[in-house]
Chemist: 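Please see the structure below; I have some questions.
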Amino acid sequence: MIVWLSVIFCLFTFVSSTSSDDPVKCEFGNTMCTVTNSYGAFPDRSICEAAKVEYPKTEAELVSVVAAATRAGRKMRVVSRYSHSIPKLVCTDGKDGILISTKFLNNVVRADREAKTLTVESGVTLRQLIGEAAKLELALPYAPYWWGLTVGGIMGTGAHGSSLWGKGSAVHDYVTEIRIVSPGSVSDGYVKVRVLSETVNPEEFRAAKVSLGVLGVISQVTFQLQPMFKRSLTYVMRKDSDFGDQAVTFGEKHEFADFIWLPSQGKVVYRMDDRVPFNTSGDGLFDFFPFRPQLSTALAVNRLVEESEEASADANRRCVRTEETSSFLFSISYGVTNNGFIFTGYPVIGSQDRMMSSGSCLDSIQDGLITACPWDPRINGEFFLQTTLSIPLTHVKDFINDIKALVKIEPKSLCVLEGSNGILMRYVTSSPAFLGKEKKALDFDLTYYRSKDDPLTPRLYEDYVEEIEQIAIVLKYEALPHWGKNRNIAFDGVIRKYKNANAFLKVKERLDPLGLFSTEWTDQILGLKGNVTIVKQGCALEGLCICSEDSHCAPNKGYMCQPGKVYREARVCTRVSA
């Protein structure tokens, strides 16, 4: 297995992938459209439709689009170039809505090297933003690790990196001004362009920093940057025996600290990552291996193996394979190189623009899908569910111990997470954004198998992952979900966890009183109408509900609704022996 991975690594290093598909597909020109995300499926597997899609190239064109839709009373939603959010944030209601794509709103508006500010349109990708800042010898201090996100998408979902330092790791907390286009009155010409800042209109500004797309279309964003600096990165693998204590304090010791936890192996990979002066020698590059272009045939083989393990409930084979994969990734330092080509040893030192995020599978020429991003729905590659939750630092040790208690019951149970590189844990801090993080916390990012063909197919050890999810959200910690990830149940009653929720809703009412940028989904997660959970046969298998009866699981396949292993109050789909 290690030899095979090494061969694939060499191939991946020298190939280019086919760039991702447009998430919007239309039958006639720009009309009769469907929209999805970059993974090809929403949590409930529904098909979202729209009457048409608009691709404005300037703010003036954007203003015209919003005005016309407002005059007609038509619902609108914004879709980004790649649409990486897992929930249904891009969907309109019914078939009559309008999609507004920011694909061509991808220009730099203004750069001020002396003031250390950069203003860009909302369709600019994180990769573009990083590159444009570097031209000015400036840097965004913190950012997500995946550079395919757009500025508008980052602002819509509160995307972040990992840090407790400065203002924290959320990108929106390094924004000084937001231009947003919203519906207007007849006297406004049915559209209104607002320029928001902390000093002039603080309430609207704090609402727009994490907007969920319900306030209008963000047109431009101004970032406060910092002088370019370098980072010194070292990965260290240790046993997880004292991990509960380490997780609470490690983020204060290292500015860009994070963790990859392999709970079934009893190991943790510590990211020791700190800022160093720009004149420090080194030209390192963070080119994360799982984000590189990968051979479609190799991805298909890996998927078939995974499906075979799931079908046969072969936990032993799954654990052997995932341990080989995680060992391989650690051995190649996850794709970090000292000079852009090879890894020669730690520490890896490189400038912030080369070390903060990556995603080379997006930055490539067309090759007919010989290679692709691993999750591209056009190939038989990765297909997964995600649970991403913020646990306050004051409760992190207890939550880690809860997960360890589950592993103690069945050591093989969380191998199902380690095949997707384990549990990624990133630091966040409290944010002034109304729908931003409430406290210093650790984000726990769990990624796990999902059946491509049948939503009623249960997963190996799904009860253990479900119990982790329920412990965090419902039973014990009132965890906050990542707005751009997660299954439906993570958003059930979520708005009650935000102390400034009412302030956000008041701003929403002012900027879009007719709710033209709102949908059934956004009304549900904002607590305005209905419930985000969907109760039906098999609904617990993909997180559409928490099971309360066997039919919510897969009784015909031996999966029944049972109490949790550690917390009996949990209700999880468990495989029951005949």
Side-chain angles (χ1 to χ4, degrees), residues 22-35 48-83 89-110 119-125 128 150-156 177-197 200-201 204-205 207-208 211-222 507-519 522:
D22 193 314
V24 182
K25 297 286 186 298
C26 301
E27 291 189 28
F28 301 101
N30 285 5
T31 64
M32 297 181 65
C33 306
T34 60
V35 62
C48 291
E49 299 178 275
K52 65 185 300 189
V53 59
E54 298 282 4
Y55 291 95
K57 296 181 176 66
T58 65
E59 185 180 84
E61 291 183 8
L62 174 61
V63 167
S64 178
V65 168
V66 174
T70 302
R71 186 183 299 111
R74 300 180 76 173
K75 292 272 192 172
M76 294 167 273
R77 290 299 288 171
V78 181
V79 59
S80 64
R81 180 177 180 180
Y82 299 120
S83 187
L89 290 171
V90 297
C91 295
T92 64
D93 284 337
K95 301 181 180 181
D96 298 325
I98 295 175
L99 299 171
I100 302 174
S101 174
T102 60
K103 182 176 183 177
F104 300 118
L105 290 172
N106 59 355
N107 300 297
V108 173
V109 177
R110 186 171 55 256
T119 302
V120 299
E121 292 178 326
S122 62
V124 163
T125 64
Q128 289 176 271
T150 63
V151 166
I154 289 170
M155 300 293 292
E177 187 176 279
I178 302 167
R179 287 176 67 91
I180 189 167
V181 181
S182 303
S185 63
V186 176
S187 61
D188 294 321
Y190 296 99
V191 66
K192 196 170 183 65
V193 181
R194 293 176 171 86
V195 181
L196 310 179
S197 69
V200 177
N201 29 32
E204 286 85 353
F205 182 68
S211 68
L212 305 182
V214 299
L215 307 181
V217 187
I218 292 175
S219 170
Q220 299 173 14
V221 176
T222 300
V507 172
K508 174 184 176 299
E509 180 66 23
R510 286 202 296 271
L511 270 60
D512 184 20
L514 298 178
L516 296 181
F517 279 91
S518 295
T519 66
T522 62

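In this text, all values refer to a predicted model and were calculated from it rather than measured experimentally.
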Chemist: Report yes if the side chains of Ser182 and Phe517 come closer than 4.5 Å at any heavy-atom pair, otherwise no.
Modeler: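 No. Closest side-chain heavy atoms not under 4.5 Å.
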Chemist: Please tell me if the side chains of Val193 and Ser219 come closer than 4.5 Å, counting only heavy atoms from C-beta onward.
Modeler: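 Sidechains of Ser219 and Val193: no contact.
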Chemist: In sequence, state the C-alpha distance, the side-chain angles, and the governing distance for Val79 and Ser101, and then conclude on side chain to side chain contact (heavy atoms under 4.5 Å, CB included).
Modeler: CA-CA 5 Å; Val79 59; Ser101 174; 3.8 Å; yes
Chemist: Do Val90 and Arg77 have side chains that approach each other closer than 4.5 Å (heavy atoms only, starting at C-beta)?
Modeler: no
Chemist: Is it the case that over 12 heavy atoms from other parts of the model lie below 6.0 angstrom from the NZ atom of Lys95?
Modeler: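 Counting other residues, nucleotides and ligands, NZ of Lys95 stays at 12 neighbours or fewer.
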Chemist: Got a second to check how far Leu62's CG is from Ile180's CD1, nearest 0.5 Å?
Modeler: 10.0 Å
Chemist: Quick check for you: to the nearest 0.5 Å, what is the distance between Leu516 atom CG and Asp93 atom CG?
Modeler: 11.0 Å
Chemist: In Å and rounded to the nearest 0.5 Å, what is the NZ to OG distance from Lys103 to Ser83?
Modeler: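 The OG atom of Ser83 is 12.5 Å from NZ of Lys103, to the nearest 0.5 Å.
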Chemist: Could you tell me which non-hydrogen atom of Glu49 sits nearest to which non-hydrogen atom of Thr92, and how far apart they are?
Modeler: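 Nearest heavy atoms, Glu49 then Thr92: O-OG1, 3.1 Å.
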Chemist: Any salt bridge linking Arg179 with Glu177? Criterion: basic side-chain nitrogen under 4.0 Å from a carboxylate oxygen.
Modeler: no
Chemist: Mind listing the closest non-hydrogen atom pair of Pro23 and Ser80 along with its distance?
Modeler: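 Shortest heavy-atom separation between Pro23 and Ser80 comes out as CG-O, 3.8 Å.
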Chemist: Inspect the surroundings of NZ in Lys75 and state if more than 12 heavy atoms from other residues, nucleotides or ligands are less than 6.0 Å away.
Modeler: yes
Chemist: Given 3.5 Å as the limit, does a donor-acceptor pair link the side chain of Glu61 with the main chain of Lys57, or not?
Modeler: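 Yes, the answer is positive, given that a donor and an acceptor are paired below the 3.5 Å cut-off.
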Chemist: Using a 3.5 Å distance criterion without hydrogens, assess whether the side chain of Thr519 forms a donor-acceptor pair with backbone atoms of Thr522.
Modeler: yes
Chemist: Closest heavy-atom contact between Pro183 and Asp512?
Modeler: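 Scanning both residues, the minimum pair turns out to be CG-OD1, 3.4 Å.
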Chemist: Is any side-chain heavy atom of Ile178 less than 4.5 Å from a side-chain heavy atom of Phe205?
Modeler: yes
Chemist: Between Arg74 and Met76, is any pair of side-chain heavy atoms under 4.5 Å apart?
Modeler: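 Not in contact.
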Chemist: For the CD atom of Glu509 and the CG atom of Leu514, what is their distance to the nearest 0.5 Å?
Modeler: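 The distance works out to 8.5 Å.
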Chemist: Given 3.5 Å as the limit, does a donor-acceptor pair link the side chain of Asn201 with the main chain of Val195, or not?
Modeler: yes
Chemist: Nearest 0.5 angstrom please: Thr34 OG1 to Leu99 CG, how far?
Modeler: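 Here the interatomic distance stands at 9.0 Å.
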Chemist: Restricting to non-hydrogen atoms, name the atom on Ala50 and the atom on Gly97 that form the minimum distance, rounded to 0.1 Å.
Modeler: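 Distance-wise, the nearest heavy atoms are CB-O, 3.5 Å.
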Chemist: Step by step, work out the side chain to side chain contact (heavy atoms under 4.5 Å, CB included) result for Thr70 and Val191.
Modeler: CA-CA 7 Å; Thr70 302; Val191 66; 5.8 Å; no
Chemist: Could you walk me through whether Glu204 and Leu215 pass the side chain to side chain contact (heavy atoms under 4.5 Å, CB included) check?
Modeler: CA-CA 9 Å; Glu204 286 85 353; Leu215 307 181; over 6 Å; no
Chemist: Quick one: are Val66 and Ile100 in side-chain contact, heavy atoms under 4.5 Å?
Modeler: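 They are in contact (side-chain heavy atoms under 4.5 Å apart), so the answer is yes.
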Chemist: Any donor-acceptor pair under 3.5 Å linking the side chain of Asp22 with the backbone of Val24?
Modeler: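 Between the backbone of Val24 and the side chain of Asp22 there is a qualifying donor-acceptor contact (under 3.5 Å).
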Chemist: Quick check: closest heavy atoms across Ala207 and Val507, and the distance to 0.1 Å?
Modeler: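 Answer, listing the atom of Ala207 first, then Val507: CB-CG1, 3.6 Å.
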Chemist: Check whether any side-chain heavy atom of Thr150 sits under 4.5 Å from a side-chain heavy atom of Ser122, and report yes or no.
Modeler: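 No. Closest side-chain heavy atoms not under 4.5 Å.
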Chemist: Any heavy-atom pair between the side chains of Ser518 and Lys508 that's under 4.5 Å?
Modeler: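 When only atoms from C-beta onward are counted, Ser518 and Lys508 do touch, with a gap below 4.5 Å.
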Chemist: Are the side chain of Glu121 and the backbone N or O of Asn106 linked by a donor-acceptor pair below 3.5 Å?
Modeler: yes
